[in-house]
A.B. asks: 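Okay, handing you the structure first.
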Protein chains: 2
Amino acid sequence: MAELGYRPDPAARSLAERRTRTVGVVLDDLANPWYVDLLAGLRSVLHERGLRPLLADGHIEPDAVHAMAGLRVEGLLIVGTPSDDTVTQVRDVAPSVPVVIAGTREPRLPSIDGVANDDEAGARMATRHLLDLGHERIAHIIGVGAVGRIRCATFDATMSAGHGVATTVAGDWTEATGHRVAWQLLDRPDRPTAIFAANDLSAVGVLAAADELGLRVPEDLSVVGYDNTVFSRLRRLSLTTVDAHIDEVGRGAGRLLLEQIEDADGSPKAQVVTRLLEPTLVARGSTGPVGTL
Amino acid sequence: MAELGYRPDPAARSLAERRTRTVGVVLDDLANPWYVDLLAGLRSVLHERGLRPLLADGHIEPDAVHAMAGLRVEGLLIVGTPSDDTVTQVRDVAPSVPVVIAGTREPRLPSIDGVANDDEAGARMATRHLLDLGHERIAHIIGVGAVGRIRCATFDATMSAGHGVATTVAGDWTEATGHRVAWQLLDRPDRPTAIFAANDLSAVGVLAAADELGLRVPEDLSVVGYDNTVFSRLRRLSLTTVDAHIDEVGRGAGRLLLEQIEDADGSPKAQVVTRLLEPTLVARGSTGPVGTL
DNA sequence: CTGAAAGCGCTTACAG
DNA sequence: CTGAAAGCGCTTACAG
């Protein structure tokens, strides 16, 4: 019995204990490096309680939520903006399995608890940073979905309060679109002296457009992103950005999910909780005082 | 019985069938975007056979291999250069569970089947590309481990054959070190006119050093990376690189593992197989003809 | 071909 | 406090 190396068979154990010690994590898109730190934070919290995360990509596996429910996960964490399929399936399973959504604001799932960064605070910091550097004509490249709308609305409000001249243009979080719309914004005489892009990848597209137009960064153009991804840290990009402290978001979401799992047979869920974490501005080389012309 | 939405309990099923339909995937470092395409390829192959991957990060979970063996995975895939801990544990479990190693050459595990890209072919392509552009003084930033050694040896051999002047300097796959050693290479009169870095991230560090030294890319300096990661595709980096077709590596590794799982009770493993896939050169904006001075 | 029984390897409540 | 039995929800070999 006490022989070394014995490990109980987990299938037999799950069956006898009537629990799987597994939590499903449905990601928006594994290719986005944004998630990695969130997963690290989540994993550490789950590990303390003997739970393991089971990962699935909502794009590669369109029925991921149903699949995980079929696997009898004890809880479900949705990370990033979910697809329509994912939203529909979450509504199906939410009555029977605890669900938390992390890293995004999701009006389509109003009854689900969530943890995210405070996008209003972050967008305000980014915009103020540019206003404080003396910029007056500032453009914003909008992201898709609820997060994009919040960042854009806050940009507009902060610009109004700071008596700046705001321009906004639709983007889609990608570098390619950031690059394309930056050309539209910059290739004209009354161009903005600064651009705040709704995420780092869009901002990296702006940097490329600036190069092609012969605009120096930050002398002729300041650029701010959002997320503090690995891209923004590359020396040749050196992008000023907003750090959403995504590892803390992962930890908070993990704790919220653990609470729900442990209260599952107790009181019938007090009320919906959406916890917002305070982001931080990370000033790098892509922003500077407005040019003296 | 035929009610909609019935799914057999997987724990009970595993116990009765005596198989878990799960394959363990141990990654070197989840933060490296390199893996994502490999996982997509692997997942598609496993899915056809009703198997699911279970992911673990060898850095975050140092006993990942033993943990997966404890979970009764039917096979184990090691992705990228394994840590010493991982190598030791693989030696423990290899007699009882099929193991395949993907994306790297691993002399410490000589009895394990593997799939990787042909690093000799790739390094030769990268070096020849620079020689063909007229470069004579070319430096190489070396990577760590067996893969790094193979790429470096091939660089040296190709340079000799092409009558070039080769310099090599130790790196560690990171952008920070790439940046630091690029300064050493470039901040002197007899600087090389081209640098081949063992991976994209090191090459991106070289681009930053070139900027700081006032060297234009590609007019004053050509730069080549390796891996065709998301970094190399960013327009502001536009890095010429070697595409290792990592999704194909993932698919090949998945197929090899499936063969081993299905032959497990049959013939006693014919011989060790290491399959090498042919890489491709992707020419972008970071390389050009040697400057006419 | 159909259907009841045995067994997968554990945990846990219960009898001694 | 210890130890044998029941039961977790399936699959599969076997008896009818």
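Every chain is numbered from 1, with letters handed out A, B, ... down the list of sequences. Everything quoted here is computed from the prediction, not taken from an experiment.
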A.B. asks: Can you list everything that forms a salt bridge (Lys or Arg N to Asp or Glu O under 4.0 Å) with A:D247? Sequence neighbours excluded, please.
C.D. replies: A:R251
A.B. asks: Atom CZ of A:R21 and atom P of D:dC8: how far apart are they, to the nearest Å?
C.D. replies: 19 Å
A.B. asks: Which pairs pass salt bridge (charged side-chain N to carboxylate O under 4.0 Å, His left out) with one or both residues in residues 49-62 of chain A, sequence neighbours excluded?
C.D. replies: A:R49-A:E262, A:R52-B:E61, A:E61-B:R43, A:E61-B:R52
A.B. asks: Mind checking what makes side chain to side chain donor-acceptor pair (under 3.5 Å) contact with B:R7, not counting sequence neighbours?
C.D. replies: none
A.B. asks: Listed by chain and number, what are the ring pair (Phe, Tyr, Trp, His ring centres under 6.0 Å) partners of B:Y35, not counting sequence neighbours?
C.D. replies: none
A.B. asks: Starting at the 5' end of nucleotides 10-15 of chain D, put B wherever the base has a protein heavy atom under 4.0 Å, S where only the sugar-phosphate does, and a dash everywhere else.
C.D. replies: BS----
A.B. asks: Enumerate the salt bridge (charged side-chain N to carboxylate O under 4.0 Å, His left out) contacts for residues 79-102 of chain A, please, sequence neighbours excluded, ordered by first and then second residue.
C.D. replies: A:D84-A:R108
A.B. asks: Taking a pair as Watson-Crick (N1 to N3 plus N6-O4 or O6-N4) or G-U wobble (N1-O2 and O6-N3), both under 3.5 Å, which stems of 3 or more consecutive pairs involve DNA chain D?
C.D. replies: C:1-3 with D:14-16, C:5-12 with D:5-12, C:14-16 with D:1-3
A.B. asks: Any protein N or O atoms within reach of nucleotides 3-5 of chain C? Criterion: under 3.5 Å, listing atom names and distances.
C.D. replies:
none

A.B. asks: Considering residues at least two apart in sequence or located in another chain, which fulfil the salt bridge (Lys or Arg N to Asp or Glu O under 4.0 Å) criterion with A:D119?
C.D. replies: A:R105, A:R151
A.B. asks: Checking A:T104 now: which residues fulfil side chain to side chain donor-acceptor pair (under 3.5 Å) with it, not counting sequence neighbours?
C.D. replies: A:T81
A.B. asks: Expressed as a whole number of Å, how far does the C1' atom of C:dC14 sit from that of D:dG9?
C.D. replies: 22 Å
A.B. asks: Would you mind reading off the distance between B:L15 atom CG and C:dA6 atom C1', rounded to a whole angstrom?
C.D. replies: 13 Å
A.B. asks: Can you tell me how far apart CG (B:L54) and CG (B:L76) are? Round to the nearest 0.5 Å.
C.D. replies: 10.0 Å
A.B. asks: Return each pair, listed once, that meets salt bridge (charged side-chain N to carboxylate O under 4.0 Å, His left out) where at least one residue sits in residues 19-36 of chain B; pairs must be two or more places apart or across chains.
C.D. replies: B:E17-B:R21, B:R19-B:E74
A.B. asks: A:T88: what forms a side chain to side chain donor-acceptor pair (under 3.5 Å) with it, not counting sequence neighbours?
C.D. replies: none
